[in-house]
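Okay, structure first, notes after.
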Amino acid sequence: MHYDVIVIGAGSMGIAAGYFLSKSGKKTLLVDSFNPPHNKGSHHGDTRIIRHAYGEGEEYVPLALKAQELWNDLEKVTGKQLFLQTGVLNVGHEKTNFIQNIISSSKAYSLPLEVLDSSEVNKRWPGIALPDKYIGCFEPTSGVLKCEECIKAYRELAERHGATILTNSKVKELSVNDKRVTVKIEDQTFNADALVVSAGAWSGSLLSILDLNLPLNPVRKTFAWFDANEDLYNYKNFPAFSFETSQGQYYGFPSINGSGLKVGRHDGGETINPDEAIPGFGEREEDTTDLRQFLHHYMPSTQQLKYGKTCMYTLTPDEDFIIDLHPNYSNVAIASGFSGHGFKFSSVVGQILSELIISGKTEQNISPFSINRFK
Ligand SMILES: Cc1cc2nc3c(=O)[nH]c(=O)nc-3n(C[C@H](O)[C@H](O)[C@H](O)COP(=O)(O)OP(=O)(O)OC[C@H]3O[C@@H](n4cnc5c(N)ncnc54)[C@H](O)[C@@H]3O)c2cc1C
């Protein structure tokens, strides 16, 4: 069977690419090892934070703003609520790069941001106990994406635009030249003019088949929900948050429809092979001790664990993304290495991948995400 484009990996980035490609009239085949959204990759657990004033660097801001616009469009087209404008509270020492980047990007792009000292934070959100040494940067216009719902929404639209989605089908064999892509799954062979590789934690092994060895490090991550006092932590009056503390980097979500407070640790994590079984939540002592010590220090009224889960980050050495064309094949676009902060961008990354396939270029500045920075 011949297609214009084959997308390997129909998760966060791939399903959005599939939507934009099929909407542009491209005959698109998406292939996934599982049935997205699923809980085997990097996109499960109900919620993801979207921030606009970006602690990881000002170069991300135009992408974050475009991504938000595309999420708003997706809500309009589908009639589904995918984004909750809870606001996001970023906490850290005033002098850290993370906090300085947030403040400078809010100035450069005129983004609303309230810079609060610890007593102002504690007064406004009595569920927080912030020591004097930290400040809070509250971004009222950002918030929370319902991640699996976003993937479902793009999937429905992609199928409506004629995309074919082949689920529970792992790609093990592929070959590429300038004009033709061949993908083999079991006894079926599919051909296309172009290829998108958006295989999350598995991208490294797939790309090595195409002679591209990228420094990608898949790591095990854990997160958990805790019983929460709804008067203090309900999403109607408590924001999503990101804390850079001397004990580590933590993030979390308010209680949404009785979910409890969700907390995870961003830094650290054990390198894993995504093809092997990952130890479940609680199988490592630090899974719970890390989160409890964070809550003990900063949200002390919350300690009762409901349940936790594991997930994967795919880290690059600089924790910036990889969004680029294959250096040897101009008909292969790659999106990987989202280093634990990619979901919010998946709408715009899908659009970028579609533009790269259709015209070889994109309106967005993706130079910080190039493959040749690793040389
Ligand atoms: C616990 C946790 C919390 C996070 N919090 C945030 C947050 O608050 N905000 C934020 O912006 N980001 C966050 N992230 C990061 C974000 O979720 C990821 O960056 C993003 O989901 C990565 O998308 P992806 O498309 O690369 O991977 P995935 O969504 O995992 O998609 C990859 C897909 O490829 C498929 N695949 C792989 N190999 C093959 C193959 N050989 N054949 C066929 N299919 C294949 C997989 O089955 C999978 O469906 C978080 C991540 C985790 C784990």
Side-chain angles (χ1 to χ4, degrees), residues 12 16 43 45-76 80-92 96-116 120-121 124-125 127-128 130 134-150 153 223 233-244 249-256 259 261-264 266 298-299 319 321 338-351 364:
S12 322
H43 61 246
D46 304 342
T47 45
R48 293 291 184 267
I49 297 174
I50 178 163
R51 302 172 267 120
H52 306 147
Y54 217 64
E56 288 81 346
E58 233 174 271
E59 68 275 18
Y60 283 93
V61 179
L63 284 186
L65 295 176
K66 183 67 189 176
Q68 182 71 57
E69 189 187 313
L70 295 173
W71 293 122
N72 297 347
D73 289 350
L74 186 60
E75 283 192 322
K76 278 193 207 118
K80 290 181 181 171
Q81 190 183 30
L82 303 171
F83 170 66
L84 300 174
Q85 192 181 329
T86 58
V88 177
L89 177 68
N90 299 283
V91 162
T96 56
N97 284 342
F98 186 69
I99 293 292
Q100 287 303 318
N101 282 337
I102 290 169
I103 294 172
S104 67
S105 37
S106 79
K107 285 186 185 143
Y109 291 89
S110 305
L111 303 172
L113 188 78
E114 297 171 45
V115 181
L116 308 167
E120 289 168 316
V121 169
R124 185 145 165 195
W125 297 286
I128 301 179
L130 201 61
Y134 295 127
I135 63 162
C137 294
F138 178 62
E139 216 193 344
T141 48
S142 53
V144 175
L145 291 163
K146 298 181 185 173
C147 44
E148 285 103 330
E149 294 302 315
C150 292
F223 53 100
Y233 298 110
N234 187 275
Y235 77 100
K236 301 222 164 100
N237 48 37
F238 195 79
F241 54 89
S242 174
F243 278 49
E244 203 174 81
Q249 294 167 281
Y250 292 84
Y251 63 88
F253 300 81
S255 180
I256 299 169
S259 64
L261 191 75
K262 179 181 151 190
V263 187
H266 179 69
Y298 304 103
M299 297 177 191
E319 298 192 10
F321 308 154
F338 287 94
S339 302
H341 62 119
F343 191 88
K344 63 182 79 59
F345 299 101
S346 54
S347 54
V348 69
V349 172
Q351 189 178 55
Q364 304 299 328

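These figures come from a predicted structure and were not determined experimentally.
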Legend entry - Interatomic distance, L111 atom CG to S142 atom OG [nearest 0.5 angstrom]: 9.0 Å
Legend entry - Approximate separation, where rounding is to 0.5 Å, of L130 CG and M299 CE: 9.0 Å
Inset, instruction - Drop me the distance from L65's CG to L70's CG, to the nearest 0.5 angstrom. - result: 11.0 Å
Legend entry - Flag side-chain contact, heavy atom, 4.5 Å: K146 against Q81: yes
Inset, instruction - Of all the heavy-atom pairs spanning G252 and I49, show the shortest one and how long it is. - result: O-CD1, 3.8 Å
Inset, instruction - Drop me the distance from F238's CZ to I128's CD1, to the nearest 0.5 angstrom. - result: 4.0 Å
Legend entry - Side-chain donor/acceptor of Y250 to backbone N/O of H266, under 3.5 Å: no
Legend entry - side-chain hydrogen bond (donor to acceptor under 3.5 Å, both in side chains) partners for T47, two or more places apart: K262
Inset, instruction - List for me each residue that meets ring-ring contact (aromatic ring centres under 6.0 Å, His included) alongside Y134, sequence neighbours excluded, and say none if there are none. - result: H93
Inset, instruction - State, to 0.1 Å, how close A153 and L82 come at their nearest heavy-atom pair, and which atoms those are. - result: CB-CD1, 4.3 Å
Legend entry - Residues forming a side chain to side chain contact (heavy atoms under 4.5 Å, CB included) with E148, sequence neighbours excluded: P37, H44, D46
Inset, instruction - Please tell me if the side chains of Q364 and V348 come closer than 4.5 Å, counting only heavy atoms from C-beta onward. - result: yes
Inset, instruction - Heavy atoms only: give me the nearest E75-K80 pair and the separation to one decimal. - result: CG-O, 3.3 Å
Hey, can you pull the donor-acceptor pairs under 3.5 Å for the side chains in residues 54-62, sequence neighbours left out?
residue, atom, partner, partner atom, Å
Y54, OH, H341, O, 3.4
Y54, OH, H341, ND1, 2.9
Y54, OH, K344, NZ, 2.8
E56, OE1, R51, NH1, 2.9
E56, OE2, R51, NH2, 3.0
E58, OE1, S104, OG, 3.2
Y60, OH, D320, OD1, 2.5

Legend entry - Closest non-hydrogen atom pair between I99 and G92, with its separation: CD1-N, 3.7 Å
Inset, instruction - Would you indicate whether the side-chain heavy atoms of L84 and Y235 approach each other to under 4.5 Å? - result: yes
Legend entry - Gap separating the OG1 atom of T96 from the CD1 atom of I102, nearest 0.5 angstrom: 7.5 Å
Legend entry - Nearest heavy-atom neighbours spanning P140 and P112: CD-O, 3.6 Å
Inset, instruction - Any pair with a residue in residues 62-73 that passes salt bridge (charged side-chain N to carboxylate O under 4.0 Å, His left out), sequence neighbours left out, goes on the list, sorted by first then second residue, please. - result: K66-E69
Legend entry - Side-chain heavy atoms of P254 within contact of Y233, under 4.5 Å: no
Inset, instruction - Identify, with sequence neighbours excluded, every residue that meets side-chain hydrogen bond (donor to acceptor under 3.5 Å, both in side chains) alongside S347. - result: W71
Inset, instruction - Only counting residues at least two apart or in another chain, list the ones meeting ring-ring contact (aromatic ring centres under 6.0 Å, His included) with H52. - result: none
Legend entry - Validation row: F241, V91 side chains within 4.5 angstrom (heavy atoms): no
Inset, instruction - Go through the structure and list residues passing side chain to side chain contact (heavy atoms under 4.5 Å, CB included) with S259, not counting sequence neighbours. - result: W225, S255, I256
Legend entry - Contacts of type ring-ring contact (aromatic ring centres under 6.0 Å, His included), residue F138, not counting sequence neighbours: W125
Inset, instruction - Test ring-ring contact (aromatic ring centres under 6.0 Å, His included) on F345 and F321 and set out the steps. - result: CA-CA 10 Å; F345 299 101; F321 308 154; 5.3 Å; yes
Inset, instruction - Applying salt bridge (Lys or Arg N to Asp or Glu O under 4.0 Å), name anything that partners K107, two or more places apart in sequence or on another chain. - result: none
Legend entry - Reported CG-to-SG distance for the pair L116 and C137, which is rounded to 0.5 angstrom: 8.0 Å
Inset, instruction - Determine whether F83 and Q85 make a side-chain contact, defined as any pair of heavy atoms from C-beta on separated by less than 4.5 Å. - result: yes
Legend entry - With N101 via side-chain hydrogen bond (donor to acceptor under 3.5 Å, both in side chains) - residues at least two apart: none
Inset, instruction - Under the ring-ring contact (aromatic ring centres under 6.0 Å, His included) rule, collect the residues that match up with Y298, sequence neighbours excluded. - result: F243, F294
Inset, instruction - Over all heavy atoms of both residues, which pair between L113 and S106 is shortest? Give the atoms and the distance, please. - result: CD2-OG, 3.5 Å
